[in-house]
Structure formats: C-alpha cells, structure tokens
2 protein chains.
Amino acid sequence: MEMDERKLKILQAIIDDYILTGVPVGSRTISKKYDMGLSSATIRNEMSDLEELGYLDQPHVSAGRIPSAKAYRLYVDSLMRTGRIQDGSLESVSRHFTGRVRQMEDVIDHAASVISTLTKYTAVVLSPKGKQPRMQTVQLVPVSRDSALVVIVTDAGIVRDSTIRLPGEVDSDTLYAISRALTEELRGHTLEEACAILPEMSQRMQENEELLRGLYGLLNERREAPARTHVAIGGTSNMLSYPEYSDVEKARSFLSLMETRDKLASIIAGNGEMAFTVRIGPETGVPEMADCSIVTATYSTRGGQQGTIGVIGPTRMQYSRVLSILNSMGHQLTDLFNGGDERHE
Amino acid sequence: MEMDERKLKILQAIIDDYILTGVPVGSRTISKKYDMGLSSATIRNEMSDLEELGYLDQPHVSAGRIPSAKAYRLYVDSLMRTGRIQDGSLESVSRHFTGRVRQMEDVIDHAASVISTLTKYTAVVLSPKGKQPRMQTVQLVPVSRDSALVVIVTDAGIVRDSTIRLPGEVDSDTLYAISRALTEELRGHTLEEACAILPEMSQRMQENEELLRGLYGLLNERREAPARTHVAIGGTSNMLSYPEYSDVEKARSFLSLMETRDKLASIIAGNGEMAFTVRIGPETGVPEMADCSIVTATYSTRGGQQGTIGVIGPTRMQYSRVLSILNSMGHQLTDLFNGGDERHE
DNA sequence: GTTAGCACTCAACCGGCTCGAGTGCTAACC
DNA sequence: GGTTAGCACTCGAGCCGGTTGAGTGCTAAC
C-alpha cells in the first residue's frame, strides 16, 4: 500500500482539523466539514490505511485519529500551505524601536513578547553569537579614586565593560594615554590573542605593569566565560491554555525547563546552519518536550553574528503561521541590527 | 468573648499545621498531634470561638478549619517564632560572586534563583532605585568612524552607556578633550541639571555644537525614560507544586501576571520605607493574588539606592522561614554592593 | 470548665449505568 | 473494484446513588 493523492488530501484535512481543535478527529467530521464528496465509510477505510502507514495514531478504539509526528513532518515538508502573515503588530517591532536608544537586551525581550503574543505559544529569542569578535577600541574611564571602567568596543559593534582596580591613584590623562597604547596594540585582535599580547606589553610598560596585569586578569576571565547569551522568553503562560497542558505536573515540568535558561538556550540554539528548523515531538531530543514542537529561525547582525528566534508549542502547532511570523521577525531583527549605527550589546 | 492564652496556642497550632499540610485541620488533629492536654471536644469549642472571632474559616461544615487572612496577620505580627536559618546555600551567594566580574543583572538573577530554590516559592528581585544619581565622569569612546559611545559614571557607581552619531569624523584625541570638558562641567550634577547645562555649553563650544546637541538628545531621552529597573524572577514553576494552583486557569493567570514585569515590579516595590513588609491575601491589593502572600525585604547600594527582594507564595506560606531567608539575602546583597569596588550597573 | 457520646453533614470515592462518538466489518450497490 | 449503507461493538465521559470517613455541633454527664 502506498500514499496517493486522496490519502494526502484526507491526511491534510485531519491535520488541519486537529491543529484547530486539539480533539481526535473522526471520519464523519472529515466527510462533512471538508466536503470531499466521500462518505464517512470511505474516509474510514483510508484512515485505517493511513494508520497502517504510520501517519495516524488512535488514542483508543472508539476515539478519532490524531496525526503522528511522522504526519506533522510530512505536513511541514510538503503539505503545508504557507501564506504571508498580515499583521500590523509585527511591523510595529521596528517602529517600536526606531529613534530610540536600543539596548540589545531590550530589543530581544520585546521581540519575544511580540512573537508570543502573535503566536499564542512560547517564544524564545537568543542574543547573537558567532565568530570571535575583534577589538576595535579599548578605553579606560575613571570611576573612583582607585578603579576604572574598561570599555571594549568590538567590530560587531558590541560593547563589553567591567571595572578593574587601579594600583594607586592614576589621573585621567594617564589613563587616556594607556588607552591609546592599548587600542593601538590590540586593535584587530580577538580576546584570545589579546591575552597573549598583554603580558609582553606589561613588561615593556614597566610603570603600568600592575594595571595591565589587572586588565589581563579581566580579559582572561572573559575568555573563559564566553559572552553569556541573553535569553529572552515570552508567553510561557500561553502553554497552559492548551489542553495538552491541563495536567499540572506536565505544566510544571515544562515551566521548570523554561526556567533553566542555559539548558533552554542549548535546546533552541541547535545547529546554526539552517535558516529555519522545525523539530517535531521526539525530534527535539528533549524528553520533557516529547509532545512539543520547536520552530526556529535566525537573524544576523553586522559583525556576522547569528541570533536565534524560537517558538515552542504543542505538536499540533499552527506551523505555517508560526513560520511566517518567525520569518518576518527574523528579517526585522536583521534589519534593525544592521541598519542603525546605535550600539547593540 | 475575647482572645486568651489558650485560644492563641490553639490558633498557632492550627496555622502551623495548615502551613505544613495545606489541608483543613480538624479538632482531633490538634488534640493529638500537638499535645495540649485537651480533648478534641474542647478544642472544638475553642475553634468555634476562633471562627466567631474571624480567625478561622470553614470551607464547609464537615471539613476542618483553615486560618483566615486575619489569622495569618496575627501570626506574622506576634505568634510567629522566627528562627535563624542555617543553610550553606545562602552563604554561597556571596561566594558565588567573589572574585568575579559582577554585572548587577547577574547578581540579581542569581539571587532570585537562590531564593526561589531555598523557599520553594516564587522569588522576585528588583534592581536598586532611588534618589537621582549624580554624574562623576562623562567619557566619549570612539566606536566607528562616525559614532561614539557615551559612558556616564555616576556616584552610585552605576554606569550607563549608549551611542551617539558624530557629525563627521572626529579623532580620538578630540573626543577625549571634549570628554574632559564635559566631565568638568557636569560632575556633581544630576541628569536633570545636565539637560539644563548642555544647551548653554554647546553655544560656547561652537565647533562641537552638533555633537553636544546629540548628547543632549540622548540625556533628555534618558531623563524621560527613567532607569528601567531590572526584574529578576525565579521559581515561577514552584507555585504549581502547591495544591492551591492545581487549577490550571488559576495557574495561568498567576503566570501571566509574572510575565508582565512592569506590573509585577510595581506590586513588589510597594513603599520603600519599610525594611520588611508582609502582605497577606487581599492585603496585596491585587485580585489575581487574593490567595497569595507577598513578603519583601530591601537591600541598599553604595549610592544610597534601594532594591527590593520579594517572595510570592500561597497565603499559607512559611513566613518565618521566608523572612529569615530574605533577611539574610538582604544583608548579603547589601554587603556585596557596598563591599567591592567593581562596577554595578 | 471539660469531656464522652451521638446525630448530622458533606466531600471524596467507587461502581454501575447510559449516552454518544467513533470504529471495523460486511454486504449491497454502481 | 471502489464506494456506501448498515450494524454490532468499543470505550471514554458524564451522571447517579450508595458508602465511607473526617469532622462538626450539641447535649448531658463528670
């Protein structure tokens, strides 16, 4: 037995209906609601075939059928009608930030919130990550009598700053002089390389040796703890509206997964190759998400870094809608992060 | 009829038991578990009195009694035995950050996570907020050919930065010169005052007028959008473990409240006067939290700013435990933010 | 004032019942 | 041969009624 045109059509109807209602769908529903000019009996025969082929599951004998992960896979890969989403709220993301000081975190948080509102699922947005950024400017700014802020601007436009203790009092002009020297030496180098250059430099500049050693310590620490990706989450409560999560224990384990951002980030991040990924149920590789699907898209920033946008929902997700929303949001974020000359940390 | 010693003792036992189990407690339980040398019948009479006094509620005739908000209030105000908490995990907060670069957000996030783990409730930590910070240093750092990062260090040790566009190419030395002038003029002034000074300054410094105008725009924007308080949340999923939230709809509305950080922040913040506050059920003033209690404590930073730590749990919360945990955490955060010379944004 | 005893209440649980949606199979139909 | 009508069968959901047990309130005795 193999798939034919009609089986596909029926399968599609079943999936559409199940995505809409979340209730196992029966033969009569299909034959009536989606007029295919076939009686329920015929549909039944076809459904039985589809089950044998592994596209449908039956919770119990006297209930309707529900699509299997295999069915969703087929649906996403070939059956799905993808339409363009027309929704003003999406465009508003860029408008929301135009002409404002944009802190990367704010943008990401807002994006997650918008996506979750639009999709009614849970949205996760990861801050960009990618190839080692190269330093462009290093500057020391006096903070208090004996400490200074180290500001590092990289080619990706990303700014990292933190404070170091000064070995005694150092005046602002001296700090500036050191900054110039540092910028000259380190420009174009990665953090990695800078850690190699600094010790040699501190030998040369005897009088500031201690300060440079402090700086070295700082960079070294940074190198080991790679730029923590910011994880924005929106709409976790949305999941509780779906009957799939009417079981409190299930909901709890889902939520608690959402709280461990590191783990969540690694799940969402996946492989950075694909523009879009759709992982259905078991494909997620996460036991807690056995009946969730994860759809991701990417966006990119000036420095060639890539960020990820993800939507987590029940397997009976409105894939086409989610995909087009993610697509649109991906473009918007990319535009936003490439367009302005504002700082994006 | 009025309260006497014995009634108090019984009430305390009831509250203790209900906090522990979450199940309405009956007269027999009290007479057996907490040996008071009284029979269940006597307890019953007393309980009936306590109900009349408004300290106990009865879900239905044949169930036990549960403490009313009034009872919890009495409990918190006078009955509660507060003990010191001995838990290594609490001390570990400071250890966790000692010798590390501490970004204020990281500290707060971690604190929320620790508190929620220890208490098994939901923890919310707000970043410090308080009197207008005064500027200490203003410095421009070149970012790209035509943009610069503005770094402002305030007396609270807080650093704020964002980018402005430069009117044409400006070399690093010029930027430094302007920075010195800015620092000189603006040191000791608030953002508010700076906005008044800048226009006059830009008239004086003809050649950099445009740059200063850009800076003015930035500060003005900052002034209007006051420093967004960072809101760290931990352990939202904990709430689902309590039978109070076995109703999914209730859980959903709670979670969705947790997602609107602004609203949450304003609920938690409350009045900044008190070192501790305990709001029980209706006292929270939030309909969604009619059967939650909120306990808050404060911590403070160098600049005299105050932050808030809050725990949200069911009304039958382990108040004494929560209070001592919050107390301890408050001290730790205060120490952390006053002790080091690292930057705290 | 305290307690034992007893009647009463009521949620929770259990088992049986019906209802209805849905299936699978078979026989008739085109 | 594919399609359809018909029918027996299955099984979850919902309802009903009985039982159980925790707990109360009241009263009478201590």
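In the text below, chain A, chain B and the rest are named by the order of the sequence lines, each starting its count at 1. The structure displayed is predicted, hence computed values, not measured ones.
- At a cut-off of 3.5 angstrom, counting only N and O atoms as typed in the model, there is a donor on one side and an acceptor on the other between the side-chain of B:R44 and the base of D:dG25.
- If you measure from atom CG of B:D57 to atom P of D:dG23, you get 17 Å, rounded to the nearest angstrom.
- Put simply, the side chain of B:M3 reaches to within 4.5 Å of the side chain of B:L11, judged on heavy atoms.
- No hydrogens or angles considered: a donor-acceptor pair under 3.5 Å links the side chains of B:E259 and A:T236.
- Residue B:A41 has its side chain nearest to C:dA4 when only C:dG22, C:dA4, C:dT23 are considered.
- Minimum atom distance to the side chain of A:T42 is reached by D:dT3, of the listed D:dT10, D:dT3, D:dG25.
- With a cut-off of 3.5 Å on both pairing distances, the Watson-Crick or G-U wobble partner of D:dC26 is C:dG5.
- Among the protein residues, A:A63 comes within range of the sugar-phosphate backbone only, with heavy atoms under 4.0 Å from sugar or phosphate atoms but none that close to a base.
- Pairing for C:dC17 goes to D:dG14, judged as Watson-Crick or G-U wobble with the two contacts each under 3.5 Å.
- Mapping B:S40 and B:H60 onto DNA chain C via the closest heavy atom, the residue that lands nearer the 5' end is B:S40.
- Within the 4.0 Å cut-off from OP1 or OP2 of D:dG21, not a single side-chain nitrogen or oxygen of B:R28 is found.
- Distance CG (A:D4) to C1' (D:dT3): 14 Å, rounded to an integer number of Å.
- For the pair A:R65 and C:dT23, the criterion of a side-chain N or O lying under 4.0 Å from OP1 or OP2 is met.
- Nearest-nucleotide mapping onto DNA chain C: of A:V23 and B:N45, the residue sitting toward the 5' end is B:N45.
- Distance, A:M47 CE to C:dG24 P: 8 Å, rounded to whole Å.
- Listed for the A:S40 side chain is no donor-acceptor partner under 3.5 Å among the backbone atoms of A:R28.
- Between C:dT23, D:dT4, C:dG22, one nucleotide has an atom nearer to the side chain of A:S39 than all others, and that is D:dT4.
- Across the protein-nucleic acid pair, A:L50 atom CG and C:dT23 atom C1' stand 15 Å apart, rounded to whole Å.
- Rounded to a whole Å, the CG atom of A:L38 is 10 Å from the C1' atom of D:dG2.
- Note: CD (A:E51) to P (C:dC25) measures 11 Å, nearest angstrom.
- One interatomic measurement links the two molecules: CG of B:D49 to P of D:dC26, which rounds to 12 Å at whole-angstrom precision.
- Put simply, the side chain of A:P314 does not reach to within 4.5 Å of the side chain of A:Y245, judged on heavy atoms.
- The side-chain heavy atoms of B:I280 and B:Y319, taken from C-beta on, include a pair separated by under 4.5 Å.
- Checked by distance alone, A:S62 brings a side-chain donor or acceptor within 3.5 Å of a matching partner on the base of D:dT10.
- A straight line from CD of A:E46 to C1' of C:dT23 spans 15 Å, rounded to a whole angstrom.
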